[in-house]
Structures are given as structure tokens and as C-alpha cells.
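Comments concern the structure below.
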Amino acid sequence: MTQTTLLQYEAPWPVHAIDWCKSPSPGHQSRPRSAFRLAIASFTEDYRNRIAVVGLQDERVLVEDDYTDYPDFVTLVEANHGYPATNLQWQPATATGFPWTGKSPSTELLATTSDALRVWEYSGDAPLASSAYVGRQPSGGGHRLTLKTGLSGQSKVQNQASGAPLTSFSWNEKAPNLIVTSSIDTTCTVWNIDTATAITQLIAHDREVYDVAWLPGSTDIFVSVGADGSLRAFDLRSLEHSTILYETPAPKNAPPSSTASRLPSSPLLRIAFNPTDSNYMSTFHMDGTDVQILDMRSPGQPVIELRAHRSQVNAMGWSTTDHPLLATASDDCQVLLWDLAAYTQSATSPRAANARLNSPRPDVKKRVVSDPIMAYSASGEVTNLAWSPQIPGMTMNTGHTTAPGEWLAITSGKSIKALKV
């Protein structure tokens, strides 16, 4: 029996935000179906955007290539969202054991950012009907997606009475009640979503903040990137100052700036930590074709630059295995997978057991890497991507077994493809 390596879904609208569930649904841990759930959000330029949870139409699509009479994924439930979601995430896997005050153990949380931070409660605990009608109606199959809380606070910035649009957020894995959001009003806000309160808000950048990420394993330190071209680190224990880890060089041929305060810079759009060695972060510039890898211990310039895309990079993400790969997606219709282990640690190091020590010395010059280990060509510009966690091999009702591994979901227009890595 062949193992499927590609799953596909056509959404009814252009897809922007996407995330793969971090853990199986409560009570269904042994079902392959519950590990293959995606949350997706539309991108239309109006106030009629949607978010949806999609899941496998039938588990047999994982082992039977000829099972193609139906789509691989179907919509399980959807909800109105108003403005497009700039980011969308499932709860971290740690959330299942967290002592929430107002959440049933049988439900899961999702969060979105747009004009506010919204926390959604998803319930898929009813038995899944096996018909093709699952989830066409909100009642179908017992799936429910309900808005739990909407959080938009006062802004610290002058002339901004209500909360400004949010560009992204990061969900803390160690303390899943903490979310930090980034905003176009130059601020970042740390929220306790369990009590629906803002813990702190700080002016993080000189211009819009585009992305934010918690340091893995920390509940105090996070980093952010923005339109001023800087990557900054903040520590909630000492908010008087931030650390600038990297500033983009001014673009070549930049016209002289009309105002002295607005020096031309190349905005940084996204930031992501290597999950197994959090000394390393990846970022990329607006309209940039390269991806920069930075080392927290030698700030100031990238230690590695990834050069292979032929058009602007749109998204990137690290896999969560012991040997993480970095995926990058671009307008050149390519998704590239990078294995940076050889460049970021010396295998002969006697200190290899400690991932914080086995990285290049700060005086090492920047390396340019232009050979990804894998490339996938899509039919159109690839706008976003999301990794699955490591999915164990499972035995299905039919007796077939699925091979363990990771999947990578990519979005291009209305199409979503899930690739077995």
C-alpha cells in the first residue's frame, strides 16, 4: 500500500494565514484524522473575511493514492472574522495541561490578530460523520468555533484612542496563557488571555512593528522586527531598555530622506527562532530574496545568508523535530528546505551536548548558503506555510498503518497543498 505524500484542498477564498494543529484533538489522540487539522483564514479586501478549520475527508486518503473521488480535506467549521487575519495559530501543545479558568478540557483554543487579538474556542468532540457533508453547516459533525474573547486595548501612542491594527502575535509555549502582539502603532502588548487582561504594553520600535516571537523556553524575553529595519529583544523583567540585535543596512540608491528622523531603511517582515537552538533566528527584508540567519551571541550582522530564491520571500518556518529544517516560500513559486546544522554547529565539539555552546564563534564571517536540500515548485506564488508537528505512525480502522513524519502546508491563492517531508 503506497503512502500518500501530497494532500490538497481548494478553499472558497484566497488564503493568507494558516497553521497546523500542534496536538491531536482531546480524546482522539490515536486517530490519524485528529493530527491532520489546519486552521486557515481568508484574505479579501472587505469586512467579510472568514476563518475555518479543515480536516481530512477520510483517513484512507493517507494510504490510498487512488482515493481521489473526493477532496483530501473538507471544511469542518468556519466563522466570520471581519477584517483579514494577519496571523492565526492553534494553541501550543502545552495548553492541554494548563489550568485554564474558563475553558472545558474537551475544547481547543485558536487565536487571530487583525483589528484586535481574538481568542476562539474550537469544539470538535462529537463523533465525526463519515459522509461528504461534514461541516457544510456549522452544526455538521458537532464542530463549533466560537469567539471567546476579543482584546484591543488603549494605545500608549498619542492620537490613538483605540487599539491600532495588529500585524502578528506569538503564543508562549511555556505559559500558554501569554500572547504578545505587534502593532502598526509601534507597540508590542503582552496579554494574559486566561484573564483577558493586558499585562504590559511597550513602545518597541520607531515605526510599525511587523512580527514578534517569544524566546523558546522563556516567559520574559521576546524579539520583534519592524519597518525601521531593526530586530530588537525585550525582557519583561527590565523594560527600561531594549537590545538592538540587528539593523538592516540602508538600501543602496536610497533617495535622500525628506525628514531627518526617517532614515531610509529596509523593513524586516518576519522573525522566527530555531526551536532546538534558540541562539539562532531567521528573518527577511521586505521585497528581499535572501533570508538572514542571526546569532544572538554575535549581534550586528547575519552569520548565514540563504540565497536561492529569485523573487521576494513571503514566509518561512522552522520544523520542530530534533533536527529542524527551515522552509522558505517566495513569489518565485518555490518552497525551499534548508538544513543548517552543518553551518551552525561543529559535530566534533566536546560540548555538543549543550546546544548553547556549539555554535560559531562571534568572529566568524557571514556564510552564504545557496544549496537547499529540497525544492518544491508550486503552480503560483507561495504566500505562506505551516509545519505540522512530528506525527507518529498510526494504525487506522482499515488495518493500514501510516508512516511517521512531518508535513508542510503551503498556500498559493485559494490552493493549499500539504507535502510529506
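What's counted below: heavy atoms across the whole structure, side chains too, no hydrogens, waters or symmetry copies. None of the values given here were measured: they were computed from a predicted structure.
- With hydrogens and angles disregarded, no donor-acceptor distance shorter than 3.5 Å links the side chain of Thr243 to the backbone of Leu245.
- Side-chain contact between Ile416 and Leu38: present, with at least one pair of heavy atoms (C-beta onward) separated by less than 4.5 Å.
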Side chain to side chain contact (heavy atoms under 4.5 Å, CB included) between Thr189 and Leu117, intermediate numbers included
CA-CA 10 Å; Thr189 306; Leu117 168 66; over 6 Å; no

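- Remark: Arg270 pairs with no residue by the salt bridge (charged side-chain N to carboxylate O under 4.0 Å, His left out) rule, at least two apart or across chains.
- In the model, Asp290 has no side-chain atom that pairs as donor or acceptor with a side-chain atom of Gln292 under 3.5 Å.
- When only modelled atom types and interatomic distance are considered, Thr383 and Asn314 share no side-chain donor-acceptor pair under 3.5 Å.
- Not one N or O on the side chain of Asn87 forms a donor-acceptor pair closer than 3.5 Å with the backbone of Ala17.
- By the side-chain hydrogen bond (donor to acceptor under 3.5 Å, both in side chains) test, Lys22 pairs with Asp19, sequence neighbours left out.
- In this structure, Leu385 and Leu408 have side chains that are in contact, with non-hydrogen atoms separated by less than 4.5 Å.
- Remark: Asp211 engages Ser168 in a side-chain hydrogen bond (donor to acceptor under 3.5 Å, both in side chains) (not counting sequence neighbours).
- Remark: side-chain polar atoms of Thr289 are not paired, donor with acceptor, to backbone N or O of Gln312 under 3.5 angstrom.
- The side-chain heavy atoms of Val421 and Tyr376, taken from C-beta on, include no pair separated by under 4.5 Å.
- Proximity of Met281 to Met296: side-chain heavy atoms (C-beta onward) are separated by under 4.5 Å at one or more points.
- Using modelled atom types, no side-chain atom of Gln334 and backbone atom of Thr328 make a donor-acceptor pair closer than 3.5 Å.
- Formation of a donor-acceptor pair under 3.5 Å by the Ser242 side chain with backbone atoms of Phe234 is not found in this model.
- Judged purely by atom type and a 3.5 angstrom limit, Trp100 uses its side chain to pair as donor or acceptor with the backbone of Ala95.
- Taken from CG in Leu56 to CG in Leu76, the straight-line distance is 9.0 Å, to the nearest 0.5 Å.
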Could you please spell out the steps behind the side chain to side chain contact (heavy atoms under 4.5 Å, CB included) verdict for Trp387 and Leu325?
CA-CA 10 Å; Trp387 284 96; Leu325 301 176; 4.3 Å; yes

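- With sequence neighbours excluded, the residues forming a side-chain hydrogen bond (donor to acceptor under 3.5 Å, both in side chains) with Ser42 are Asn49, listed by chain and number.
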Give the C-alpha distance, both sets of side-chain angles, the deciding distance and a yes or no for side chain to side chain contact (heavy atoms under 4.5 Å, CB included) between Ile293 and Tyr343.
CA-CA 11 Å; Ile293 308 294; Tyr343 307 104; over 6 Å; no

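- When each of Trp214, Phe222, Phe273 is paired with Ser170, the side-chain contact (heavy atoms from CB on, under 4.5 Å) condition holds for Trp214 and for no other.
- For Thr113, the side-chain hydrogen bond (donor to acceptor under 3.5 Å, both in side chains) test picks out Thr86, with sequence neighbours left out.
- Under the rule for a ring pair (Phe, Tyr, Trp, His ring centres under 6.0 Å), Phe169 has no partner lying at least two apart in sequence or in another chain.
- A distance-only check finds a donor-acceptor pair linking the side chain of Ser330 to the backbone of Asp332 [under 3.5 Å].
- His16 pairs by the ring pair (Phe, Tyr, Trp, His ring centres under 6.0 Å) definition with nothing, not counting sequence neighbours.
- Listed for the Tyr210 side chain is no donor-acceptor partner under 3.5 Å among the backbone atoms of Pro267.
- Salt bridge status for Lys366 with Glu305: present, with a side-chain N to carboxylate O gap under 4.0 Å.
- Annotation: salt bridge (charged side-chain N to carboxylate O under 4.0 Å, His left out) contacts of Arg310 (sequence neighbours excluded): none.
- In this structure the side chain of Val15 never reaches within 4.5 angstrom of the side chain of Asn384, judged on heavy atoms.
- The salt bridge (charged side-chain N to carboxylate O under 4.0 Å, His left out) with Glu108 is formed by just one residue from the set Arg37, Lys148, Lys103; it is Arg37.
- Arg144 places none of its side-chain heavy atoms less than 4.5 Å from the side chain of Thr107.
- Taking the ring pair (Phe, Tyr, Trp, His ring centres under 6.0 Å) definition, one finds that Phe36 meets it with Trp20, Trp407, sequence neighbours left out.
- Checking side-chain atoms of Thr187 against main-chain N and O of Ile203 turns up no donor-acceptor pair under 3.5 Å.
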CA sep, side-chain torsions, deciding dist, call: Leu145, Leu110, side chain to side chain contact (heavy atoms under 4.5 Å, CB included):
CA-CA 9 Å; Leu145 184 61; Leu110 292 95; 4.0 Å; yes

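- A 4.5 Å side-chain heavy-atom check between Leu340 and Leu306 finds at least one atom pair inside the cut-off.
- Using a 4.5 Å cut-off on side-chain heavy atoms (C-beta onward), Thr44 and Arg50 make no contact.
- Under 3.5 Å, the side chains of Thr248 and His285 contain no donor-acceptor pair of N or O atoms.
- In this structure, a donor-acceptor pair under 3.5 Å is present between the side chains of Ser230 and Arg232.
- With sequence neighbours excluded, the residues forming a salt bridge (charged side-chain N to carboxylate O under 4.0 Å, His left out) with Asp235 are Arg237, listed by chain and number.
- Within the structure, the salt bridge (Lys or Arg N to Asp or Glu O under 4.0 Å) test picks out no pair touching residues 80-89 (sequence neighbours left out).
- Partners of Phe73 according to the ring pair (Phe, Tyr, Trp, His ring centres under 6.0 Å) rule, which considers only residues two or more places apart in sequence or in another chain, do not exist here.
- The backbone N or O of Leu62 sits less than 3.5 Å from a side-chain atom of Thr4, completing a donor-acceptor pair.
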